[in-house]
Each structure stands twice: as C-alpha cells, then as structure tokens.
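So you know, we letter chains A, B, ... as the sequences are listed, proteins then strands, and number each from 1.
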Amino acid sequence: MAKERFDHVAIEKSAQEKWEALDIYTTDLTDSEKEPYYLLFEFPYPSGDLHIGHWFAFALTDIFARFKRMQGKNVLFPMGFDSFGLPAENAAIKNGADPAVWTNANMERMRAQVKTMGTSVDWSKEVVTSSPEYYKWTQWLFSKLYDHGLAYRKEAAVKWCPKDQTVLANEQVIDGKCERCDSEVEEKFLTQWFMGITKYAERLLTDLDPLPWREEMKDAQRAWIGKSEGAKLTFPILFADEAKNEWRDEEGNPAQVAVFTTRPDTVFGATYVVLAPEHPWVTGALEHGTDVFSNEKEVRAYIQETAKKTERERLENKEKTGVKLEGIRAVNPATKGEVPVYIADYVLASYGTGAVMAVPAHDERDFDFAQKFKLPIRHVIEPKFVADGDQAPISGQDFERRESACIVVYNPKDKTYLCNNWKTALMRGLFTGGIDENEDVVEAARREILEETGYTNLRHIERPELHVNTFFFHRMKGVNRWSHFTFVFFELENEDCLPVTDEESALHEIVWKSAEELDDFFTVPEGWFIAKHLDAAEYCYSYDGLLMNSGQFDGKDNREAMSEIIDFVGGEHVTNYRLRDWLVSRQRYWGCPIPVVYDPEGALHLIPSEHLPWTLPTDVDFSLSSESPLATSKELKERVERIFGEGWTPEYDTLDTFVDSSWYFLRYLDSKDENDFSDQSLLKKWLPVNRYSGGSEHTTMHLLYSRFFHKALYDLALVPTPEPFNERFNRGLILGTDGQKMSKRWGNVVNPDEVVAKFGSDAVRMYLAFIGPYNEPGSYPWKLDGAVAMRKFLDRVYQLSEKVSEGELSENERTSLAKAAKKITGDTERFKFNTAISGHMVFVRELESAETVSKEVYLALLTLMAPFAPHLAEHLWERMGGEGSVHTASWPEEIAVEEDTVVIGVQVNGKRRGEIVLAPDASEEEAMEAAKANETIGRLLHEGKVEKVVYVPGRILNLVITRS
RNA sequence: GCUGGAGUGGUGAAAUGGUAGACACGCCUGCCUUAGGAGCAGGUCCCUUCGGGGGUGGAGGUUCGAGUCCUCUCUCCAGCACCA
C-alpha cells in the first residue's frame, strides 16, 4: 500500500509565508553579539528565467547560509543582479524593447522564482548594477581610479568582436574567440580606456600565496599574470647611409632598440635582432626618414600583411616569416659585432619591449628562424650534465677536469651506432676516452676504439665542433670527475676487428643500437642530448651549461654569470608580466556610462561628482553600427553642452560589466546609501568575504578583476583589506540528461519549474546537493530518477513522524544522533553536501528500524535537515510543536558518547581477514584473545608464527605471521 | 610543449596511512496490489572446489599496513602557449 506522501505545494507556501512573517532572514549588519559571516555567491545576469544551473548556484549556497545561521553566526547572505550587459541590448535591437524595461521585467520574474527555491536571501540588501543608484558609485569609483592614474586612455592594438560590435579585454578572448559569442576576434588600433591592473601584477601574485584557495585556481591566476624575470638590453642601430648615424631622438638618444630577454647570459650568441612588425621604431622610421630601408616596399608589405591577419591566423602558420630591414644593422653590445635586423610576426608587439635579440643556438624559435633565413648560429653555452644516482658527484669534493673524446661510430651497413655497456657499473653510453697530452682528439678517439673494441677501419667525418661537460663520481678512481667531451664522428668502413685484451673486454660490452633505441639505452646523464644530436649538423640547446665564445666569461656557469653579463653590456634587470592592462571601454549602450566629457580642444575632463549619476540617455538608435550607440543620442549631446558649454562633447563608450561586478559585494553592506559607495565601519566589520562560491570560468576574469579593483581601493583607503575574498569555492556544472552542456541548441535544457512542481523544491535542491561534492568543480548530468529518489527519502522522513512519541532519547538514538550530527556538521562545513546527505539517510534508516522514535531525536533530525530541506523541516517542526522556526533553532552541538564496544578489523600480513568486537580501550592481550577466538584468524594463527603485533586501539589489529 | 588537477563498480560517487566501493541511481530475484514516476524483502566488484583468493590505469618503492605517501609511466580534464 502506498504510504502517505506530503503535500509539497501546501508545505512550501505556508513555510515561505511564515519566514516572511517572522522576517528571519534580514541581517542586522550592526549586530555586535553574533560573529559576522559573509557568504557570497556570484550574482546572476537577469536573462529572464531561472534554470537548473541557478538552482545549483543559489540553493546549494543557501544550505550553507542556513547552516551557519543555525550555528549562531550573524550571516549576511545577499543577492542582486549584474544587470548591465548585451542580451538586454540585443533584445532591444531585435524587438525594440527598452533594455531597462526588459531587464526590470526579467529581474521581477527571477526574484519570484528565487523565492520559490526557499532561499534565505536577505533581499533588503539587493543591488542592481544597472540602476542609477548603483552606477552612480561605479562612476564615482572610476573617477577615483582616474585621479590616481589607474584609469587612462591610450591608443593601442585591441581585440574587436565583429558580432558583438565592441572591443574586448584580453581575458575575454579565449583561443582567439569572443568569450560571449565565440566569434573570431579581430585586431584594431583604437584609443580606448584601460585600467592599470599591470601595476598590481606583483601584488596580485604574492598575495595569492596565503589565500585558502585550491591550487588549480591560484595556478591559473599565476599563469595568467605570467611573471618572468630577465633583462632589458640596448642594441644601438647603425645605418648603411652613414649620414643618418647623426640622427637623435627628442631625448637626444642615437638610434637604438631595447630588447627584453630572460637569457642575457646568451647575449654573446645574439646573431641578429628581431622587431615586431608593429614596433614603434619601425613605424617611426617609415614615417620620418625617407629611404631608411632600401627595401621599404617589402617592409611595408609585410607589415600590412601581418596587420590583416587575426591572432589565430598568425599562430596557425607555425612556419616563421619575416623581412630583413635592409639599410640598418644593430650592434651586439657584448661582442660589438654588427648584426642584421629583421621584422617578424613571431615577435609580439605587446610583450616585453616588442623586440628580441635572437640567439639561435640557444632558443628554439630563433633557431627555426635562423635556419630558414640562413643566419649564423653561434654557440655560447656548452651543455652541462650532472650525474645522479650511483654516479652522483660527492659533495664538497673538487672536480678533476679531463679532456676527453666522446666517440660516435656509425655503421652504415645496418644503420647502428657503437655503444658501450660498462660491465663494472650500471652505466650505458658511447665509448669515451681521455686525450693524452700532445695528442690529437681524432687520434685519441681512434686509439680508444681500437683498444676497447678492436675496430680498425674508421673514416673520420667532419662536423661542427661539439662539446659537452659531464660531472660525475668516478667509482673506480674514487674522484669527482669533470669530463670535457669533444665529439668525434666516425663511419665504419668495414667490420674488420683486432682482438681486444682480456682486461678491456672485462670492462666493456660492445652493443650496436639504432638511432631510435639510443635514448632508452643510454643511462649516462648526457645520453638524451647525444641521442638527439647524432646527425644534426646544427643544433639548438636551450638549457644550462658553461659559457664559451663569451670573452672574459668563458668557462663560467651561465646562471652564475647572468648578473655580471647584464652589467657588462650596460643592461638593466627587469621583470616582465604577461598580464596586460584591462581594457574597459565598450562600444555598447547597456552599460555604465564612463563619467568623462571632452572640451572643445578635445581635452578630457572627469564629470564632477555633483552630476553623478551620469545617466544613460534613452533616445538612442540601436541599429548596429561600428560606432557606440550613445553617439546617436541627441539628449546626451545637449546635456553636455548645457552643463559644460558649447563645443563640449560626451564620451560615448560604456564600461565593461566586469567593472560593475568588481565591487558589488561592497555595496551589499550599504546598498541604499546615497552619500557614499559603502560604509567604512561595516566594511571593517564584514570584510573580507568569508566564503565566495561561483563558477570556475571566472578564475581569470571576475576574480582577477575584483582582486585588482579591491587592491586599488585599498591603496586609496576606501576599503580596509588588501584582499576581497577569503575562501573561494568553484562550483561544478549541471549537464543535460545526455551528458552535454545544457543548451537550446541540443534541446536538453531541464526546466526546473516543472520538476519542482512535481517533486517539490526540497527534493530538487537535495538532489542537486547529493549529486557530487560541492567543494570541487565537476560536471554532472541531470537525472530525473535522482530527484524522484530524493523525494522518496523525504517522504520517509515525513512518514517517520507517525512513529514519534513523547519522551527522552533512548541510548541507541543518542548514539545515532551523535554520529550523524558529527558527520553532517563536518561535511556541511566543507561543502561536502553529498556525504552530509548520506549521513541523513543512514540516520533516518537507524530511526526507522526502531519501534518508536522519541520526539527529542526527531526534532534533532529536523534541525540537521533544515538547511537541506527547509520547507519540509519547517512543516514537521511545526507539527511536532517545535518553538518558532526550525531555522532559528540551534544546530546540534557535538554529543559525547561512550560506546561500550567497537568493531575493529583484524589484518593478517596487512590483509583484512576478520573483525573482532572489543571494548574501546581493550588491551593488546584482550585484542589477541578475541582474535584467537575468531575462526578464520585462529586458523591462520595456527599456520604460522606471530612475528609482530600492531594494535591501534579502536582502529586495527595487524598480525605479522611467518608461515611454517 | 609548459603548468596544474584527476584516474576507484554499469552510473554519480565514499574512504584523518588502518575493514575499499559508504550513500544513492540502475539492474536482478521474489512478494504485495488503491497499477503508482508505488510499497516490501533479498541480491548486485571479479574468481571460487564455498575453505577462501584477487582487486582502486600500469610498473616499482617506503610501511606492520598504501586508493591515499615517494619514483617512473600511460590516459583523461583544465589553464597557458611563437610570452623571448
């Protein structure tokens, strides 16, 4: 027979009315008794309808809000709308709706929907970023940043989304595509507004370290900031036409280019210089000087060609391209030698100085370019290898340097190489040998091969000189050895062989290996390098080693000499970041107007604060144009002239919506204030946000922007903390039933309203909570069966009320409750709602198995369930005669229980073989007695001798037995 | 390529270094009948001669004991990527 099921519609309605009547979710921000707890979730864009993802975001965070509140915290759990943005404007373009009206209607609908979720949001703190009351302060804060040089206008190459008809910030370009609409972005050269986030790069980086965030989030931000340390070096420019060498710039400097490099130690190997095609020096030379470049036509053509390409197209063609700047040469500041200058699109204008010194011998990209353009390759670092393991050098002992030959013998007959497997040591490599005084390397190599292998007919092959250094401990000699190897290449003419002495054959095993087998075969530290460079006439080595061809620095360790070399060439140490300044202007209507006007001379002026909010005009034409829609407003132009005077003009761009969301959590604290953006004493009390929950897509967008914004405000003494958020949790994603991302395109969008109507709001939120751990981002397909199952569980909780009788806790109930409360508390605290709910289920099953249930334990169950199933818990609480609301009841304290027995596992040789029941504090003897009494264990004990007993009371008994 | 993270049943997933697979979904068997998106009971990692034996991507190692720690390796996911 079907059991009675609760009427979720009635229960939800009455519970929500009760909460409203009792006004239990309005937070008194000034309360001085309870500890403040600021719980934040990312406020939504009012797209119109709440989807299941919103439930996942809001209802699950609400679990935690209710939990903390019941724990006696003064919880601030606000919500608002990030209501500026493109969809409103697109709706306006499509069907003529006023973006403000459209947005307001959506917000109205969403507020109602959020209420049906039964969230405990404090709506009295609501912020709406598109309201003039809010954006007045966005403008005011912008002005403050402008005053301190953190908001500025500059002409720069920027990313342009042709579909959204606006520029984008770097963070909003993903794989060369617009983050919003997936269109390929184009590059434009425009004057735009930027925020000086790069000034904060170092602090954004170092302040990340102590934050209690997951490593992957911190790491993504670190990668985005992209710090690299190196040097700025100057390369003077010489002109073929000597008269031009007299040329000086405005500051009186002769022609020169600065390069940024992380490897100033390789400067002696810089055999050419490459500038980005957009490099200002090139542009300048083309503009001013006539015929600076004798191949000017070609240069211009290349610049034009690269300008046309999107970033993507530039990347797609990995083959290096470029053009030599004929008519000029650069001077290598280390060698004083003259080197050619190129422009090439593999050098990015926006990174470093937009110019590089090319060291083909030690940089892969430069190497590729040099190969293609037949440029000289000059090696300035000899590879250095240090053995590890057996052969690792003994520390503190000096190295004995020895000139040696490293001998490559190729047998063309079967395409193999002569290798040496040392019989006396775990060492496999090539044959090598010391070079005696007055001995030629090749002679030495021939002698060595003859002695050790017997091969007599070797033809010497000429190759560019190649050396490596190997540092190891020479076991047989008992010394640290530094072998300075010179490579000698031979080809075997025939396999004629003389006998080898017994002594030699006791040491070496001769092995022939093909090129492919070598890397696996070699165990010597230089092995991988040899395997890679056996045939290459030229090679590139981009790691560490000893300097060569570097004048006074020859023989020094490249890392150690780095600083000295920078000084030697008169360079400076610099740190570079990948992070670019944040481009905040948007050529769109539905955004916060930038509070700036221009005088008749075109000079920029901030709009004085008495004119804020600087409101959006409403008389605009939304038909798509490359111009900002605000430029079509007559009212705006008239307003500017009325206030500032004739000939003054407005700023037509609006702000990126990420500016609005960079400070909304400050406004929640004082959302109605007409005289200030927030309240200092409340900021002091409530910041930083204790826990912030949101999506992982914002790691290098919103989260980075708001950290920057906050730090800037901190420096202006407008906020009391250097970081806005303490804990941050990235939520996962709910997929369609087909496991794909929910999208109208796939027709797999789950409508939460339907499911809620059928199974109730509590069942839906609990199912979402049960689906997986909320403290890590995963993706979960929506399964209706899951919601059905959760409803069944809730029905069981409801049915359990029929068994409730007046009375005290039974001993069993006490034990169950203690266990459940401990588990649920711990798991909820860590956002592990899935296992917390499994705790509820176990607890309920234990109560079901008893004849009756005491009212006390049932009420306790309801408190434990209240954050998860707020409506049902409230209903049953009321029915049980609980006082007030279950949501203002206290969360169960930890209950100490003394169990008289525990079950522990018994392992034999680490494998579980049985279990025994013991007193928790039983002695080892008692444990052994119990173990012997166990049938299986007893038998095993008879099979062998007990060597060792590991007994951890209350946990484990492990017996180590040797079988006889 | 570089940097992080993760690999456990048919599925979502559990396991402070101490009984691997909790809790669910699905599936199987039986019962029940107000036929319901029902309820109840039992089963569900693999092998088994029913005594047991094996098992957390793979190979080693540390430990009385490893899903968990270390080394190597493979695969997948994410971020970055011609960043000098």
Side-chain angles (χ1 to χ4, degrees), chain A residues 1-3 5 174-175 214-228 230 259-264 266 274 276 314-315 317-320 344-348 350-359 362-366 368-369 542 576-580 696-697 699-700 739 758-759 767 770-773 776-781 783-793 795 823 826-827 832 834-842 845 903-916 935-936 939 947-952 954-961:
Chain A
M1 192 177 106
K3 303 245 176 110
R5 310 179 62 199
I174 307 205
D175 289 333
R214 288 170 70 90
E215 202 48 43
E216 55 195 286
M217 283 183 237
K218 293 195 203 181
D219 212 71
Q221 286 210 351
R222 287 189 194 113
W224 190 263
I225 295 166
K227 177 178 181 169
S228 54
V259 303
F260 172 72
T261 177
T262 54
R263 295 292 305 272
T266 63
V274 191
R314 279 205 200 184
L315 280 173
N317 187 10
K318 287 258 176 181
E319 178 98 351
K320 297 275 182 293
D345 68 2
Y346 83 92
V347 174
L348 309 174
S350 49
Y351 184 78
T353 60
V356 303
M357 63 175 206
V359 186
H362 305 291
D363 181 285
E364 296 282 351
R365 295 153 305 192
D366 298 340
D368 290 347
F369 191 84
S542 54
N576 225 314
Y577 299 90
R578 208 192 64 97
L579 185 70
R580 306 291 148 76
S696 45
E697 70 275 19
T699 305
T700 51
K758 248 177 193 142
F759 304 107
Y767 167 61
F770 190 62
I771 207 162
E776 47 190 86
S779 37
Y780 312 99
K783 288 206 171 111
L784 188 64
D785 286 333
V788 176
M790 202 50 77
R791 173 56 193 250
K792 283 184 204 166
F793 171 66
D795 278 324
K823 174 158 185 63
D827 289 347
K832 295 208 56 168
N834 56 335
T835 48
I837 290 171
S838 113
H840 290 128
M841 289 170 165
V842 171
R845 190 152 60 208
V903 180
I904 70 168
V906 181
Q907 297 179 338
V908 176
N909 294 336
K911 204 75 190 145
R912 184 195 175 249
R913 288 295 126 101
E915 59 187 33
I916 50 177
E935 200 187 326
T936 311
R939 187 172 45 75
E947 292 288 325
K948 184 168 179 177
V949 177
V950 180
Y951 174 57
V952 184
R955 290 219 167 273
I956 199 81
L957 176 68
N958 189 13
L959 308 172
V960 184
I961 291 177

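- The A/Lys948 side chain lies nearest to B/C64 when the options are B/A84, B/C23, B/C64.
- Straight-line distance between the P atoms of B/C77 and B/U71: roughly 24 Å, to the nearest whole Å.
- Across B/A81, B/G18, B/A14, the shortest atom-to-atom separation from the side chain of A/Asn834 is found for B/A14.
- Here the straight-line distance linking atom CZ of A/Phe770 with atom CD1 of A/Ile837 works out to 7.0 Å at 0.5 Å rounding.
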Using a cutoff of under 3.5 Å, can you pull out all pairs of nitrogen or oxygen atoms linking the protein to nucleotides 25-31 of chain B, with atom names and distances?
none

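- Ranking B/C23, B/C80, B/G5 by closeness to the A/Phe770 side chain, first place goes to B/C23.
- Nucleotides B/G65 and B/A15, compared at atom C1', are 16 Å apart to the nearest Å.
- Distances from the side chain of A/Thr835 to the nucleotides B/C64, B/A84, B/A15 place B/A15 closest.
- Considering only side-chain N and O atoms, A/Arg222 lies nowhere under 4.0 angstrom from the phosphate OP1 or OP2 of B/C80.
- Base orientation at B/G9 is syn, since its O4'-C1' glycosidic dihedral falls within 90° of 0.
- Listed nucleotides B/G37, B/A14, B/C80 differ in distance to A/Leu784; the shortest reach to its side chain belongs to B/G37.
- Side-chain atoms of A/Ile771 lie closest to B/G12 of the nucleotides B/A84, B/A24, B/G12.
- Considering only side-chain N and O atoms, A/Ser696 lies nowhere under 4.0 angstrom from the phosphate OP1 or OP2 of B/A78.
- The side chain of A/Ser228 lies closest to B/A84, out of B/G79, B/C82, B/A84.
- Checked against B/A81, B/G37, B/A84, the side chain of A/Phe759 finds its nearest nucleotide in B/G37.
- B/U11 sits 28 Å from B/U16 when the C1' atoms are compared, rounded to a whole Å.
- Nucleic acid contact class of A/Arg580 (heavy atoms, under 4.0 Å, all strands): base.
- Nucleotides B/C2 and B/G67, compared at atom P, are 31 Å apart to the nearest Å.
- Cation-pi contact between A/Lys320 and A/Tyr346: present, with separation from the ring centre below 6.0 Å and deviation from the ring axis of at most 45°.
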Could you walk me through whether A/Val788 and A/Arg791 pass side-chain contact (heavy atoms from CB on, under 4.5 Å), step by step?
CA-CA 5 Å; A/Val788 176; A/Arg791 173 56 193 250; 5.7 Å; no
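- In terms of phosphate contacts, A/Tyr780 brings no side-chain nitrogen or oxygen within less than 4.0 Å of OP1 or OP2 of B/G12.
- In this entry B/C23 has B/G12 as its Watson-Crick or G-U wobble partner, both defining distances falling under 3.5 Å.
- Here B/C31 sits opposite B/G39 as a Watson-Crick or G-U wobble pair (both hydrogen-bonding atom distances under 3.5 Å).
- Side-chain atoms of A/Lys832 lie closest to B/A14 of the nucleotides B/A84, B/A14, B/C23.
- Listed nucleotides: B/U16, B/A15, B/A24. Nearest to the side chain of A/Arg955: B/U16.
- A gap of 7 Å separates the C1' atoms of B/G58 and B/C74, to the nearest Å.
- Residue A/Arg845 has a polar side-chain atom (N or O) positioned under 4.0 Å from OP1 or OP2 of B/A24.
- In B/G58 the O4'-C1'-N dihedral to the base is more than 90° from 0, which defines an anti nucleotide.
- Here the CG-CG distance, from A/Asn834 to A/Asp827, works out to 7.5 Å after rounding to the nearest 0.5 Å.
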